[in-house]
Amino acid sequence: MSVSFSPTAALLATGGTDTTVRLWQAAFPDPPRLVATVGYGRRINQEWARAVTFSPDGRILAAAGDAGTTVLWQVADPARPVPLMTLTGHRGYLHDLGFSPGGTLLATAGDDRAVLLWDLAEPGVPRRAAILAGHRSAVRAVAFSPDGTLLATGAEDRTVTLWDLADPTHPSATVTLSGARGAVFSVAFSPDGDLLAVAGKDRTVRVYSVADPTTETVLVEIADHRRAVQAVAFSPDGTLLATASADRTATVRDITDPERPGPGHRLPAHAGPVQDVAFAPDSRLLATAGADRRTVLWDLFPSPPADAR
C-alpha cells in the first residue's frame, strides 16, 4: 500500500494489507535485506497499513491505516524498532500522513473528512495542534511544502486546499484548487516548493504553480494513464516526476520544464494496481508498491555494460 525511503540512511519502509510495516536495508547495488517487521494493527480486523513515512532526521517511522490510529516507532537501530506512541482522534480509516520539514509537526488525513495536525516538539508528549476541516468527503492526501509554511490537502470531494501554517494552531486556507474531475488521491510539492502535483481518479496529473499560494495556476495536465493515478512524487533533485496508476504501471518523466514535461517512461512491473511510488534521497532509485504484494526497486540511471563503454 505504501513505500517510503529514509532521508538519511539506506532504509526502505513498506506498509501492506497484511497489517505489517517492514523495514528493508536498501544499500544499492546490494540486494535489499529485510531487517525488521512490526505490526500496525490487529490482524483479526485486517487493519491495513495504508501509509508509512519517515521523519526528516530518519529516526522516527510513522504508519497509519484502517485502525484510525497513527503509530510511531524509534528506528535509530533499524533492526530493533522501539514503539514511541500511538496517536488517536480520527474516526474511520486513515489514508495519508506526513512530517513537516522540521519534524515537529505531523499531519494525518482520514475518512472523517478531517486533517489532524500534531505537535511533536516535546518528545513523548504529542499534542493535537489543530483540526483542519472544510473538505466535504474523505481526505486522501497531505503534503508539507519544503519550507514548512504550507500544507496541501487533497480529498474525494475533488478539491485540494492550501493551508497557511504561520500559526500551526490556527491554520488558514489560502486557496482551494478545484480543477480535478474526480477524487484526489495524491499531492506532492517539488523540492523548491514552487510546484504542486495533484493526481487522482480522473487519470490526470495536474501540475500547479504555487509560487503565489493564493491563486490557482495550472501549468500542465498530464493524462497518459488508462486508469486512476494513485500516487505522484517528485525526485529529490527536482528533475523527475513519478506516477503510480491502477492500470498496473508507473511512469517517470523529466519535469525540468514543468510546462513542457518529457514523455513518460512506462514501468510495467506489477500484476495489479500500483499503489505508491517513492524516490531514494539520491534520486537514482525508485520504489513502486503494488496490489500484487510486491515492492519493486528501479535503477533509473543504470550504467552501460562494460563492453559498451
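Atoms considered below: every heavy atom in the structure, side chains included; atoms not considered: hydrogens, waters and symmetry mates. Note that the coordinates shown come from a computational prediction; the quantities given were computed from them, not determined experimentally.
In this structure, Asp224 pairs ionically with Arg253, as a charged nitrogen and a carboxylate oxygen lie closer than 4.0 Å. A salt bridge links Asp119 and Arg127; the closest N-O separation between the charged side-chain nitrogens and carboxylate oxygens is under 4.0 Å. Here Arg284 does not pair with Asp282 in a salt bridge; the nearest charged N to carboxylate O distance is not below 4.0 Å.
The minimum heavy-atom distance linking Pro258 with Val220 is given by the pair O-CG1, 3.1 Å. Taking all atoms of both residues into account, the shortest heavy-atom contact from Pro7 to Phe54 is CD-CB, 3.8 Å. For the residue pair Leu23 and Leu34, the shortest heavy atom distance occurs at O-CD1, 3.4 Å. Contact detail for Trp73 and Gly39: the closest heavy-atom pair is CZ2-O, 3.6 Å. For the residue pair Thr53 and Gly98, the shortest heavy atom distance occurs at CG2-CA, 4.4 Å. Residues Thr8 and Pro56 share a closest heavy-atom pair of CG2-O, 4.0 Å.
Looking only at side-chain heavy atoms (C-beta outward), Thr37 and Val21 stay at 4.5 Å or farther from each other. Counting only heavy atoms from C-beta outward, the side chains of Leu117 and Leu132 approach each other to under 4.5 Å.
At distances below 3.5 Å, not a single donor-acceptor pair connects side-chain atoms of Ser6 with backbone N or O atoms of Leu11. Judged purely by atom type and a 3.5 angstrom limit, Asp96 has no side-chain atom pairing as donor or acceptor with the backbone of Ala109. Between the side chain of Ser186 and the backbone N or O of Ala231, no donor-acceptor pair lies under 3.5 Å. Judged purely by atom type and a 3.5 angstrom limit, Ser235 uses its side chain to pair as donor or acceptor with the backbone of Leu240. Thr256 contributes no side-chain N or O that, together with a main-chain N or O of Asp254, makes up a donor-acceptor pair within less than 3.5 Å. Of the possible polar contacts, none joining the Thr214 side chain to the Thr174 backbone as a donor-acceptor pair under 3.5 Å is found. Counting only distance, with no hydrogens or angles, the side chain of Ser245 and the backbone of Val229 share no donor-acceptor pair below 3.5 Å. Remark: the backbone N or O of Leu120 is not paired with any side-chain donor or acceptor of Thr104 at under 3.5 angstrom. When atom types are taken as modelled, the side chain of Ser137 and the backbone of Asp157 share a donor-acceptor pair closer than 3.5 angstrom.
When Val218, Thr159, Val187, Val205 are each tested for a side chain to side chain contact (heavy atoms under 4.5 Å, CB included) with Val198, only one passes: Val187. Checked against His90 for a side-chain hydrogen bond (donor to acceptor under 3.5 Å, both in side chains), the options Thr70, Asp111, Asp112 give a single hit: Asp112. The residue from Arg140, Lys201, His135 that alone fulfils the side-chain hydrogen bond (donor to acceptor under 3.5 Å, both in side chains) condition with Glu156 is Arg140.
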_If you apply the rule side chain to side chain donor-acceptor pair (under 3.5 Å), what do you find for Arg266 with Thr249, and how did you get there?_
CA-CA 7 Å; Arg266 197 169 295 272; Thr249 69; 3.0 Å; yes
*Stepwise, does the side chain to side chain contact (heavy atoms under 4.5 Å, CB included) test hold for Leu285 with Leu300?*
CA-CA 6 Å; Leu285 287 186; Leu300 301 181; over 6 Å; no
*asked:* Quick one, Gln275 with Thr288, criterion side chain to side chain contact (heavy atoms under 4.5 Å, CB included). Give me CA distance, side-chain angles, the key distance, then yes/no.
replied: CA-CA 8 Å; Gln275 306 282 33; Thr288 58; over 6 Å; no
*asked:* Determine whether Leu97 and Leu94 satisfy the following criterion, side chain to side chain contact (heavy atoms under 4.5 Å, CB included), listing intermediate values before the conclusion.
replied: CA-CA 8 Å; Leu97 75 171; Leu94 295 185; over 6 Å; no
*Under the side chain to side chain contact (heavy atoms under 4.5 Å, CB included) criterion, do Val3 and Val52 qualify, and how do the steps go?*
CA-CA 6 Å; Val3 287; Val52 293; 5.7 Å; no
*Kindly determine whether Thr108 and Trp118 satisfy side chain to side chain donor-acceptor pair (under 3.5 Å), including the steps that lead there.*
CA-CA 8 Å; Thr108 56; Trp118 301 90; 3.3 Å; yes
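Between the side chains of Asp276 and Ser2, a donor-acceptor pair is found at a separation under 3.5 Å. With 3.5 Å as the limit, one finds no donor-acceptor pair spanning the side chains of Thr251 and His265. In this structure, a donor-acceptor pair under 3.5 Å is absent between the side chains of Thr69 and Thr86. Side-chain contact check for Thr14 and Arg22: no donor-acceptor pair (N or O, by modelled atom type) lies under 3.5 Å. Using modelled atom types and a 3.5 Å distance limit, the side chains of Ser172 and Trp163 yield no donor-acceptor pair.
Remark: Arg59 CZ is loosely packed, at most 12 non-hydrogen atoms of other residues, nucleotides or ligands lying under 6.0 Å away. Residue Tyr93 places its OH atom among 12 or fewer non-hydrogen atoms of other residues, nucleotides or ligands, all under 6.0 Å distant. By the 6.0 Å contact criterion, CZ on Arg294 is enclosed, its count of non-hydrogen atoms from other residues, nucleotides or ligands being greater than 12. Counting heavy atoms of neighbouring residues, nucleotides and ligands inside a 6.0 Å radius, atom CZ of Arg206 exceeds 12 of them.
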